[in-house]
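In this text the structure is predicted, and so the values were computed from the model without any measurement.
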Amino acid sequence: MRWTKTLIPTLREPPAEAEILSHKLLLRAGLIRKVAGGVYLFLPLGLRALHKIEQIVREEMDRAGAIEVLMPAMQPPEIWQQSGRYETARDVLFKVKDSGNREWVLSPTAEEVITGTAAAEINSYRQLPKNFYQISVKFRDEIRPRFGLMRAREFIMKDAYSFDVSDEAATASYQKMYDAYARIFERCGLKAFPVEADTGVIGGKFSHEFMVPAETGENEVVFCEACGYAANIEKATSGIPKTAAREIGAAIEKFATPGVVTIEALTKEPCKVPANRQIKTLVYIADSKAVIILIRGDDQLNEAKFAGKIGTTVFRPASAEEIFSSLGAHPGSLGAVAETLQRRSPTRPEGQTTPPAGSETGAPRILADERLRGANGMTTGANEDGFHFRHVSMERDIKVTEWFDLRTVTAGEPCAKCGKPLKIRRAIEVGHVFKLGTKYSEKFGAEFLDESGARRLSVMGCYGIGVTRTLQAVIEQCNDKDGIIWPLSVAPYRVCITPLNVAPESEAMKLAEKLHAELSARGVDVILDDRDERPGVKFKDADLVGFPIRLAIGEKSLAKGEVEIKPRGGALQSVKTGTAVEAVMKLVSKIAAADASPL
RNA sequence: CGGAGCGUAGCUCAGCUUGGUAGAGCACCAGCUUUGGGAGCUGGCUGUCGCAGGUUCGAAUCCUGUCGCUCCGACCA
């Protein structure tokens with residue numbers, strides 16, 4: 001390819017729309033352009049890099065035994081209602097209407113379509129296992145798209161769906177994908193690592209996310225360097241001890257706390273109650289009902305864990321008014337001591353716009369964090385503004401409906417497996433594998449007949465890779481002050497030939513043409529910078545775009561019968577013109593070996 | 001959804017407070033010079049000042065509305 005034949009609109013200055021480095025580089029290097037918020041155009045160079053990643057994904061998926069299909073981006077809402085995700089995923093589901101006012105769903109993933117297809121087409125255990133995958137445009141109605149390709153409304157994703165005869169077989173399929181993912185990201189030059197993850201709106205039994213460490217990542221990962229434990233903070237647990245029990249038997253006692261409405265304030269004079277002896281009371285509205293959450297004063301609620309326990313994704317913190325109408329006090333004086341709840345629950349003010357909080361019996365569900373189990377001598381709000389209780393015993397004074405792990409792990413807590421201190425760092429989620437079980441098989445009747453003629457449900461798994469996000473993650477991880485440093489495997493072109501004189505009859509240009517032809521013939525992606533620009537401009541652009549190898553042909557070295565070969569970010573070497581092609585091939589091998597070196 | 005900020009040339013931005021014929025740098029075009037790390041000089045092209053209303057003799061500038069973009073928040077009572 002010749003530079004002047006394609007379009008590489010590099011920018012000297014980063015556009016104001018870009019905040020993080022990889023986004024700036026995507027724009028500056030002329031890889032993408034924004035068409036609308038969260039919606040991007042891939043320019044020729046960006047598309048080439050994207051295709052390289054897609055090809056790696058294809059090769060590894062094929063190698064793992066998956067088969068490629070292509071499913072529609074627009075899907076009938078009925079199947080989404082059938083799976084239940086029309087409701088549970090409604091916040092992210094993109095919906096459009098056609099001219100006949102018929103509604104369509106723009107697919108964020110394709111469990112519904114593929115499971116329906118499997119139900120129709122797979123009838124016998126002889127046809128299993130199967131793993132279908134596709135690489136296609138996906139849609140999410142993001143509340144707030146940001147960071148370029150990181151969180152976009154429209155993006156490219158590889159999604160795969162496995163069907164197996166048994167739980168054990170499904171676990172094997174899961175493991176195959178897990179291994180394939182590790183290879184895929186390694187081949188893309190990414191230092192990605194798997195972490196235990198929450199299953200979110202996809203549902204399922206367990207899952208792992210593949211994470212690329214990056215300060216700009218939107219996920220937090222808890223990990224243990226000693227034993228290798230790693231989990232998304234939404235899922236992570238630790239070996240932190242439960243709250244120590246204190247004097248048994250002290251009677252519960254109300255005391256005045258005028259103006260004290262925060263955990264922090266209660267720790268100070270005159271109350272002086274340490275945060276770890278306080279019970280924090282939170283109120284959420286889940287499926288239009290109030291749910292009380294109790295966690296220790298010095299802990300923080302983990303909403304993802306909470307969401308996983310209550311069985312609905314439709315929830316939000318209650319407003320101060322809702323809280324007052326259901327508990328009789330404002331935030332800051334809340335508690336779950338049984339007598340203060342019974343007093344309120346059965347009757348409710350007339351004309352209330354908010355549905356009465358609580359279950360049929362009138363008592364709200366009370367979910368408590370495991371760390372509070374058995375705690376006594378605690379302090380909590382009295383459901384009366386300006387008053388708290390002390391000497392509260394979890395068991396004696398509070399009727400906890402369910403105990404769960406609801407708190408968020410913090411750095412330094414002991415690892416649950418080995419006891420060493422946990423660390424936390426930010427990361428970009430580039431892949432996610434789920435063991436789904438039979439959740440979707442049941443909804444769509446994906447059954448088959450086993451050897452004995454019995455009807456059984458397929459056991460499923462699903463597996464996603466954010467292809468466009470992976471592209472940006474590569475840039476986020478591979479760059480320096482001058483621009484991108486592409487791994488060989490993903491580079492739009494591996495070699496950039498830079499003649500400093502581009503006059504057609506010049507010796508430099510003739511040699512450039514010859515080397516371009518020879519390298520192309522050897523199967524190397526190569527671009528010839530035939531622009532009539534000053535050397536500085538061409539070098540700056542080559543660095544910005546990040547070609548792994550630059551081959552410069554200037555008068556000075558040409559006079560010595562040499563050309564210059566320089567790996568991006570590495571040392572320049574002069575070689576005789578006659579050996580230039582071999583030298584480049586050797587350098588390609590060397591870089592390839594370095595890229596593939598153990599992480 | 002709440003809050004804040006910003007919309008002026010392809011890009012980065014000034015001008016707005018105090019209303020009076022639209023600006024700079026880079027980019028682009030032409031010419032000359034230059035030619036190994038984003039060159040210099042001369043000349044030139046480039047605008048729905050986001051959009052719609054309003055105030056005014058006159059609006060990029062003031063007012064209202066609206067759309068878009070960016071950031072923060074939407075657990076920690």
Sort me out a list of protein N/O and nucleotides 30-32 of chain B N/O pairs below 3.5 Å, or just none if empty.
none

Inter-nucleotide C1' distance (B/U46, B/A39), Å rounded: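 Looking at atom C1' only, B/U46 and B/A39 are 23 Å apart.
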Integer angstrom distance from the C1' of B/C16 to that of B/G10: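 These two C1' atoms come out 24 Å apart once rounded.
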At under 4.0 Å between heavy atoms, what does A/S557 touch on the DNA or RNA strands: base, sugar-phosphate, or nothing?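 The answer is base, as A/S557 lies within the cut-off (heavy atoms under 4.0 Å) of a base atom.
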Applying a 4.0 Å non-hydrogen cut-off, can you work out what A/A552 is touching in the nucleic acid: base, sugar-phosphate, or nothing?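 The answer is nothing, as A/A552 stays clear of every strand by at least 4.0 Å.
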Would you say the side chain of A/R146 and the base of B/U70 hold a donor-acceptor pair, judged only by whether the two atoms sit under 3.5 Å apart?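 There is none.
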Is A/Q300 side chain donor-acceptor paired with the B/C75 base, going by distance under 3.5 Å alone?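 Under the 3.5 Å cut-off, the side chain and the base do form a donor-acceptor pair.
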Under 3.5 Å on both distances, the Watson-Crick or G-U partner of B/G10: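 Partner of B/G10: B/C26.
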Could you tell me whether the side chain of A/P9 reaches within less than 4.5 Å of the side chain of A/R33, counting heavy atoms only?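 The answer is yes, as the side chains (C-beta and beyond) meet within the 4.5 Å cut-off.
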Side chains of A/T408 and A/Q300: do they bring a donor and an acceptor to under 3.5 Å?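 No donor-acceptor contact under 3.5 Å links the two side chains.
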When you measure from the centre of the six-membered ring of A/F94, is the NZ or CZ of A/R153 under 6.0 Å away and within 45° of the axis?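 Negative - A/R153 is either too far from the ring of A/F94 or too far off its axis.
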Hey, does the Lys NZ or Arg CZ of A/R469 hover above the aromatic six-ring of A/F155, less than 6.0 Å from the centre and inside 45° of the axis?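 Judged by the rule, A/R469 and A/F155 form no cation-pi pair.
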Return the 5'-most residue of the pair A/R144, A/V537 with respect to RNA chain B, ranking by each residue's nearest nucleotide.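 The answer here is A/V537.
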Start at the 5' end of RNA chain B and walk down; is the nucleotide closest to A/G38 or to A/N302 reached first?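 Closer to the 5' end of RNA chain B: A/G38.
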Is the side chain of A/K538 donor-acceptor paired with the backbone N or O of A/P499 at a distance under 3.5 Å, no angle test?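 Here the side-chain-to-backbone pair exists.
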Check A/K5 with A/D530, please: is the shortest side-chain N to carboxylate O separation under 4.0 Å?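 Not counted as a salt bridge, because no side-chain N and carboxylate O are separated by less than 4.0 Å.
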